[in-house]
Amino acid sequence: MITKIKFGEPVNTGAVVLEVSVSQKIDFGNVVSTWPFRWDFQLSEEDKVFGLGESMRGINKRGFKYTSWCSDEPHQDESKPSLYGAHNFIIVFGKQTFGMFFETPSRIDFDIGFTKADLFSVETQDIGVNLYTITAEKDGQTPLLSIVQQFRTIIGQSYIPPFWAFGFQQSRWGYKNQQDISEVVQNYKKMNFPIDSVCMDIDYMEEYEDFTVDKEKFPDLSQFAAELKKDGIRLIPIIDAGVKVKEGYSVYDEGIKNEYFCKKEDGKTPYAAGVWPGRSHFADFFRPEVRKWFGLKYKVLTDCGIEGFWNDMNEPAMFYSDESLSQAHEKMKNTDVTNLDIISFFQFSALGESTKNSMEDYKRFYHSVPADPKNPESDRKIYRHDKVHNMFGGLMTQAAAEGLDEIAPEKRMLLYSRASTIGAHRYGGIWTGDVNSWWAHLEQHIKVLPGLNMCGFLYTGSDIGGFGYDTSRDLLLRWTEFSVFTPLMRNHSSAGTRLQEYYRYENPEDFKSVLDLRYALIPYLYSEYVKCAVKNQMMFKPLGFEYPSDKMAMETEDQLFLGNEIMLAPVYKQNATGRYVYLPENMTKVIWQNSTFKQERMKKGIHYVQMPLNSVVFFVRDKKMIPLCKPASSTNEIKYDDFEFVGDGKEYLLYRDDGFTKDIQLEKGCVVVKK
Ligand code: MIG
């Protein structure tokens, strides 16, 4: 059951798409203050708290404090309260079990037993909150899964990418031109590595101007894209949130002429902040007409044969504003450099960074927000950016999705974004931003997936090998071994770090074997993905979500169920050649090595399982089986008529379609495959 109560003057964020009955009282915890809003809940000793989507730390969020505030956060460590997404959905599981969604686009703080071990409190100072409370139904699922499914139902079906989006993507911030990309593709092809796409980072543009292509670097993008496509390779260009301030640049000129950019307090001057192109303006994505304008700009690239995009810097990230830069500069000039005491020195040295993503800047521009996001004719209200900050990135994704829908109504396009909020899950996927080449970030990736799925984000993955810093071969390999299971499988790294393409490393056949597994799994992964999206279910589930009364399952945070059939127990520690695995039921262990597999039955319980560096070990659940197709060089080449089956089950319900259709019906696409 779901009920809703309103506090303050909430903004309709568009997250919820179904009517929910309005209630007069809160069944769980207490609203200590209606405005500013604060809700307190007394935690019992055994209570666990799940959710919060993209956030640091464990699957059980208890013991720390988190803030929903979309942040450009390249330093993801466990002290960080906020990452790129703002996902305000939690489930308390224990003495009382319920879900809560705090619908607000502004900053909101979750103190989950941090200040006081048994107190969970949620606070927000800005505008209002719609509070949704969800309790489990007797629907044959565990309470946790029932609550998630109900929540996912009211927020609407998750984005479904095209089939090719399940192929391997190679990326690097640093591919400068056509030659660089061709070389990467050729190297992969030469070694018979499967690959489906290559991402184009900011260097493809002219002076980082969105919807332009630098002709010197890519003399004929259409032709280049067409040639690659013959080899089964697609290009995925990046689009940044900021629009360069430059007369004569058509996107800028149109935005100015039609007043599409966010304005300052005076309601006239477009707000400027520095991002990659230098001083930039920001489209007011809250306005449907602006979304339409920006979204249709993607046509510049789809006309060249492009079918996929990634949207970056849309928290929005801002390196400086006119104001913050001059303030910092002023302070620097006024610093007495003849004799700096230590306090002044620290203040001085912080000045350079002080302009970055600063709260003062987020208070310097405004949006025109329609009362009803579904009705462009509805009344508009002006909000200062910080009040509605968490919607910005998601609305950019929505702009792109709506535009692409209009540009190519007949087919699904690939789209993923860095910033997001609940609601944006209907329009695209997300990647987990700038993670580092650290084992801790591989572990973090395992833990973040269930939270993302609870909030509707199914098409996700992290930069394989890590984005920042130099990766090591074993980290890259282990990370890939885990990422063969995530819908988005992309090797991406930052300029200035060790090159990360697989063919550069010793014994490349080890990487090839893992990629072969990915392609063998794609029919299964795609099938589970679509079923989970349509049925509003999680694709990655903590063990405890299926085994709520099994204490050990409940506390296992480094294993996950994938879909209905698989259990993952990845290696995420350096030099480990095996690990302890907890099997909450009898299972089949599958060992993938040298592009082929062996299987072995295992009994419920704890086992130490060997997992050599060049192997992928996963488990098929009791009385289940999955199909593996023959490894293929790209998703185009995947054949559905030559499966091998693993697991002790007898059949599997396989969903398939043409990979592009928007008319997805499980009844039409599902067939039972049998051993
Ligand atoms: O300020 O476009 O997260 O994936 O390679 C850095 C360059 C901007 C951040 C993204 C990253 C991308 C990078 N971008």
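Residue numbers count from 1 along this sequence.
- For the side chain to side chain contact (heavy atoms under 4.5 Å, CB included) with Phe365, the lone residue among Lys264, Lys263, Arg384, Met318 that qualifies is Met318.
- Across all non-hydrogen atoms, the minimal contact from Phe467 to Thr497 is O-CG2, 3.8 Å.
- Under the 3.5 Å distance criterion, with hydrogens and angles disregarded, a donor-acceptor pair is assigned to the side chains of Arg172 and Ser493.
- A salt bridge is absent between Glu360 and Lys363; no separation between the charged side-chain nitrogens and carboxylate oxygens falls under 4.0 Å.
- Counting heavy atoms from C-beta on, the side chains of Cys455 and Phe89 come closer than 4.5 Å.
- Salt-bridge formation is detected for the pair Asp72/Arg418: a Lys NZ or Arg NE/NH1/NH2 atom is positioned less than 4.0 Å from an Asp or Glu carboxylate oxygen.
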Walk me through it: do Arg412 and Glu307 pass the test salt bridge (charged side-chain N to carboxylate O under 4.0 Å, His left out)? CA-CA 8 Å; Arg412 280 179 254 154; Glu307 294 166 83; over 6 Å; no

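- For Tyr188, the ring-ring contact (aromatic ring centres under 6.0 Å, His included) partners two or more places apart in sequence, or in a different chain, are Phe168, Phe193, Tyr503.
- Ring orientation note: the planes of Phe540 and Phe482 are tilted relative to one another, at an angle of 30° to 60°.
- One side chain, Tyr416 or Gln169, offers a donor N or O that lies under 3.5 Å from an acceptor on the other.
- Within the 3.5 Å criterion, the main-chain N or O of Ile155 finds a donor-acceptor partner in the side chain of His425.
- Under the ring-ring contact (aromatic ring centres under 6.0 Å, His included) criterion, Tyr252 pairs with His281, not counting sequence neighbours.
- For the side chain to side chain contact (heavy atoms under 4.5 Å, CB included) criterion with Tyr366, the lone passing option out of His385, Glu265, Lys387 is Glu265.
- Tyr84 and Thr432 make their closest contact through CE1-O, 3.6 Å (heavy atoms, listed as atom of the first residue, atom of the second, distance).
- Of the charged side-chain nitrogens involved, none lies within less than 4.0 Å of a carboxylate oxygen, so that Lys176 and Glu216 do not count as a salt-bridged pair.
- Using cut-offs of 30° and 60° on the angle between ring planes, the pair Trp276 and Trp173 is perpendicular.
- Applying the ring-ring contact (aromatic ring centres under 6.0 Å, His included) test between His367 and each of Phe261, Phe286, Tyr383 identifies Phe286 as the sole match.
- Shown are Phe163, Tyr159, Phe166; of these, the ring-ring contact (aromatic ring centres under 6.0 Å, His included) with Tyr529 is made only by Phe166.
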Decide salt bridge (charged side-chain N to carboxylate O under 4.0 Å, His left out) for Glu207 and Lys246; before the verdict, give the C-alpha distance in whole Å, the side-chain angles of both, and the deciding distance to 0.1 Å. CA-CA 10 Å; Glu207 297 179 44; Lys246 187 176 116 183; 3.6 Å; yes

Could you go through Asp231 and Lys189, starting from their C-alpha distance and side-chain angles, then the distance that decides it, and tell me whether this counts as salt bridge (charged side-chain N to carboxylate O under 4.0 Å, His left out)? CA-CA 9 Å; Asp231 275 336; Lys189 290 280 168 198; 5.4 Å; no

One pair to check against salt bridge (charged side-chain N to carboxylate O under 4.0 Å, His left out): Glu183 and Lys190. What are the steps and the verdict? CA-CA 10 Å; Glu183 197 186 301; Lys190 230 189 329 207; over 6 Å; no

Given Ser321 and Asp361, is the side chain to side chain donor-acceptor pair (under 3.5 Å) satisfied, shown in steps? CA-CA 7 Å; Ser321 68; Asp361 280 346; 2.6 Å; yes

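- The only member of Phe309, Trp310, Trp293 that meets ring-ring contact (aromatic ring centres under 6.0 Å, His included) when paired with Tyr298 is Phe309.
- Looking only at atom types and distance, the side chain of Asp196 has a donor-acceptor partner in the side chain of Thr635 under 3.5 Å away.
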